[in-house]
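What follows is a short report on a single structure.
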Amino acid sequence: MEPGPLGGSRPAERRPCLSSRLGADRAASASLLSAAGAEPGRRPLAVAAVLPAGGCGERMGVPTPKQFCPILERPLISYTLQALERVCWIKDIVVAVTGENIEAMNSIIQKYHHERISVVEAGVTRHRSIFNGLKALAEDQPDSKLCKPEVVIIHDAVRPFVEEDVLLKVVIAAKEHGAAGAIRPLVSTVISPSADGCLDHSLERARHRASEMPQAFLFDVIYEAYQQCSDYDLEFGTECLQLALKYCHTKAKLVEGSPDLWKVTYKRDLYAAESIIKERISQKICVVMDTKEGEEPVGHLLEEVLKSELNHVKVTSGALCHASGDLEQIISEQCYNFVCVNIMTSDFQETQKLLSIVEESNLSILYPVVVVSVHFFDIKSVPLSQKMEDLMWIREFAKEVRKRNILLCGLLICYPQDEQKLQESLRQAAIIIAALIKERNSGLVGQLLVA
């Protein structure tokens, strides 16, 4: 048994979290209440989460523990916390990290505006870390500042793509059965070797499943299991569902999980996770224009070409004028890609306005924001070389906003042209914009491209 003391801290104050803008929180909470079978007038089901994050990442093969490895310059664990924070009915999230990483963890919470997070000191094994997290939620601990939940979710800090629907399923199943966990079909056949390194026997793959995260438990069940747990199980065990069965005779309900539940384990998984995140934040583009009555509709033409060429991406438009709330609404819906149209101007005014709005919104705290400053110019009036020279100072400006996680680059399009040539230029511009947004290549920051 390990009664060990708690360590760690909780942020002094709660700050607004960007993910709270996603909305529909009340509907999700009502769905949970209804699905869990609560009677009218009864308080909502109290749910908390524990994330063991004390591993050293030995299999990753890098000096930094994998939960702190950067993806798009942001620690992996921050993405997992964001996924849990989106779920409004999870009241508290307890993260267990090693003593040497408590300060770093608190810095991550502050920098990325995470909320509802408490930090405790991890144990030397996974089960000991989870036990410390549970003790932070228990009422029988003298230093506990949190309320005991009815159901607790246990999740891995390195599984950042968990969705609310699977969390809801395991919580509802745990409320009914006492314990529940996500499972997935086995990818490879499991074999057991003999002592001399030869095959002893194999398992029938169709009859077995891989245990995944998240898992959920009635708090009293899993806390009792850990209190009774042998030192051997605390030291060498890895399966929480087995502890509930062994010590509390609680058979877990198994819930089919989605393919997104995979765990970042090896270095190559970091690249895969980055690719998925880039894909997700590249699904919306906002074309920003400050059009005036009687002005050429070329910005709208670019918007239509983007919609036509990038049919898998949602393309919207917004105005920069203060009277319009379009842009603020688009930003609140978590759009991280902007195409700012500057028509027949070289003074960069529209783009500067947009950058100011993006900076004030704190949108770039969580993900890098791509801003493509599009400049239409009349090649008969101004040679291309002169136009590019006039806009070369965009590079210095891009360096400044890069510090705030905004990736700025320029795109020149010749205008006016005959209709056929203009359409071809706009199609080429759409291809360039799509590549800039998808790749989010910081090497292209401040570059001036020509369509």
Please identify each residue that fulfils ring-ring contact (aromatic ring centres under 6.0 Å, His included) with His127, with sequence neighbours left out.
-> Tyr226

Could you give all pairs that pass the ring pair (Phe, Tyr, Trp, His ring centres under 6.0 Å) test and reach residues 152-175, with sequence neighbours left out?
-> Phe161-Trp262

Quick note, salt bridge (Lys or Arg N to Asp or Glu O under 4.0 Å) partners involving residues 270-287, not counting sequence neighbours, are Glu163-Arg280, Asp260-Arg280, Glu274-Lys278

Salt bridge (Lys or Arg N to Asp or Glu O under 4.0 Å): pairs with one or both residues in residues 441-451, sequence neighbours excluded | none

For Lys399, enumerate each residue passing the salt bridge (charged side-chain N to carboxylate O under 4.0 Å, His left out) test, keeping only those at least two apart in sequence or located in another chain.
-> Glu396

Do you know the tightest heavy-atom contact between Arg209 and Pro185?
-> CD-CA, 3.8 Å

Apply salt bridge (charged side-chain N to carboxylate O under 4.0 Å, His left out) to Arg395 and list each qualifying residue two or more places apart in sequence or on a separate chain.
-> none

Excluding sequence neighbours, so at least two apart, what forms ring-ring contact (aromatic ring centres under 6.0 Å, His included) with Phe68?
-> none

Is there a donor-acceptor pair under 3.5 Å between the side chain of Ser129 and the backbone N or O of Gly123?
-> yes

Using the test salt bridge (charged side-chain N to carboxylate O under 4.0 Å, His left out), find all partners of Arg205 that sit at least two apart in sequence or belong to another chain.
-> none

side-chain hydrogen bond (donor to acceptor under 3.5 Å, both in side chains) against Glu304, all qualifying residues, sequence neighbours excluded = none

Please collect all salt bridge (Lys or Arg N to Asp or Glu O under 4.0 Å) contacts where either partner lies in residues 351-364, sequence neighbours excluded, each pair once.
-> Asp290-Lys353, Glu359-Arg404

Donor-acceptor pair, Asp418 side chain versus Lys421 backbone, under 3.5 Å?
-> yes

Ignoring hydrogens and geometry, is there a side-chain-to-backbone donor-acceptor pair from Tyr79 to Ile71 under 3.5 Å?
-> yes

Any residue meeting side-chain hydrogen bond (donor to acceptor under 3.5 Å, both in side chains) with Tyr223, in chain and number order, not counting sequence neighbours = Asp140, Gln141

Just jot down the salt bridge (charged side-chain N to carboxylate O under 4.0 Å, His left out) partners of Arg440, sequence neighbours excluded, or say none.
-> none

